Peer 1: 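I have a structure here, written as structure tokens, and I will follow up with some questions on it.
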Amino acid sequence: MESINKLFSLQGKTALVTGGSYGIGFAIAKALSKAGAVIAFNCRSKAHLQQALSDYKKEGITAHGYLCDVTDEAAVRAMVAEITETLGPIDILVNNAGIIKRIPMCEMSTEDFRQVIDIDLVGPFIMAKAVLPGMIHQGHGKIINICSMMSELGRETVSAYAAAKGGLKMLTRNICAEFGSANIQCNGIGPGYIATPQTAPLRQRQADGSRHPFDQFIVSKTPAGRWGTTADLEGPAIFLASAASDFVNGHILYVDGGILAYIGKQP
Ligand code: NAP
Ligand code: GCO
């Protein structure tokens, strides 16, 4: 039994989870902490950071929070240097920080399109570039990119987000290709539809108290018959962050309740 636990243990590891102040990032950071990792996280808002530190403490976790926008390369490098100096080399990077803008494509400004690409795709590139030299020096590293159903599928109003998440899938594969020989594993997690602040508008009750049409649509499209919860992502994250996945590289693990495998019920 001891050897199985060892396979999934993160004792002695330092993990940096971007956007770890709430939602999926918070849940993944909590899971990695449960497996033994020291947790660092970042976000842009001081209020979110303060609240998160209190929330981690309630979970018995002494997390280390940093105000840092993943699109600000100088700030990212300074944050990684500070973490390395104070907590030790970063063993695990979870590129979780991300935004979405739901706007019909022809109504979307190029500025809005660029902002989503910048945070959801360029941000992970900047973060990976900042941690890779340390991982190469150490002779090991784990990078987990939080992709999406939209890494595989399009849908109306999310053109920028789908383009970014499709690109993030291929960035994942390229990091695998370029750094696999340095014993660095870079994989993706593709969550299905998860109940977080980001998807709250899609689950909002209607004025008449009925469920949002999109809520009903997603539940009907999911073989599991429900929205995912952030807890559904904890096990997959520990797997991809641990020695249990040392020969898994360039893979996108979809945690979607089966949506991608299902054509949908005949009306
Ligand atoms: P969320 O609830 O909106 O949380 C996003 C987190 O990222 C917040 O902590 C936010 O904090 C931080 N953040 C946003 N922009 C940032 C930036 N430029 N620099 C640093 N931190 C930033 O989102 P979520 O639902 O947890 O989703 C997390 C990730 O999973 C995203 O990449 C999302 O695309 C992906 N995903 C979500 C779902 C879903 O159904 N929820 C499904 C598939 C994939 P600040 O605002 O304080 O910076
Ligand atoms: C949307 C949703 C999705 C989820 C997720 C699905 O508007 O379609 O926000 O994009 O966030 O990415 O995997």
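What's counted below: heavy atoms across the whole structure, side chains too, no hydrogens, waters or symmetry copies. What you see is a predicted model, and the numbers here were worked out from it, not measured in a lab.
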Peer 1: Would Tyr254 and Glu152 count as having a side-chain donor-acceptor pair, cut-off 3.5 Å?
Peer 2: yes
Peer 1: Can you tell if the side chain of Pro104 reaches within under 4.5 Å of the side chain of Glu156, non-hydrogen atoms only?
Peer 2: no
Peer 1: Take a 6.0 Å sphere around CZ of Phe125 and say whether it holds more than 12 heavy atoms from other residues, nucleotides or ligands.
Peer 2: no
Peer 1: Using 4.0 Å as the upper bound for N to carboxylate O, is an ion pair formed by Arg226 and Asp232?
Peer 2: yes
Peer 1: Between Ile24 and Ile194, is there a side-chain heavy-atom distance shorter than 4.5 Å?
Peer 2: yes
Peer 1: Can Leu16 and Ile83 be said to form a side chain to side chain contact (heavy atoms under 4.5 Å, CB included), step by step?
Peer 2: CA-CA 9 Å; Leu16 171 55; Ile83 292 169; 3.9 Å; yes
Peer 1: Check whether any side-chain heavy atom of Arg205 lies under 4.5 Å from a side-chain heavy atom of Arg211, and answer yes or no.
Peer 2: yes
Peer 1: Any chance the side chains of Thr18 and Asn42 put a donor and an acceptor closer than 3.5 Å?
Peer 2: no
Peer 1: Given side chains that start at C-beta, do those of Met108 and Arg102 come closer than 4.5 Å, heavy atoms only?
Peer 2: no
Peer 1: So Gln185 and Ile143, do their side chains get closer than 4.5 Å, heavy atoms only?
Peer 2: no
Peer 1: Just so I know, are the side chains of Leu260 and Leu153 near enough to count as touching, which here means a heavy-atom distance under 4.5 Å?
Peer 2: yes
Peer 1: Assess the side chains of Arg203 and Thr199: does a donor N or O sit below 3.5 Å from an acceptor N or O?
Peer 2: yes
Peer 1: Identify the residue among Asp91, Asp246, Asn187 that makes a side-chain hydrogen bond (donor to acceptor under 3.5 Å, both in side chains) with Lys142.
Peer 2: Asp246
Peer 1: Hey, are Lys169 and Ser148 close enough side-chain-wise for a donor-acceptor pair under 3.5 Å?
Peer 2: no
Peer 1: Is any side-chain heavy atom of Phe41 closer than 4.5 Å to a side-chain heavy atom of Leu49?
Peer 2: yes
Peer 1: Could you give me the CA-CA distance, side-chain angles and deciding distance for Thr230 and Phe26, then say whether side chain to side chain contact (heavy atoms under 4.5 Å, CB included) is met?
Peer 2: CA-CA 9 Å; Thr230 56; Phe26 183 85; over 6 Å; no
Peer 1: Can you tell me if Thr222 uses its side chain to pair, donor with acceptor, with the backbone of Gly225 under 3.5 Å?
Peer 2: no
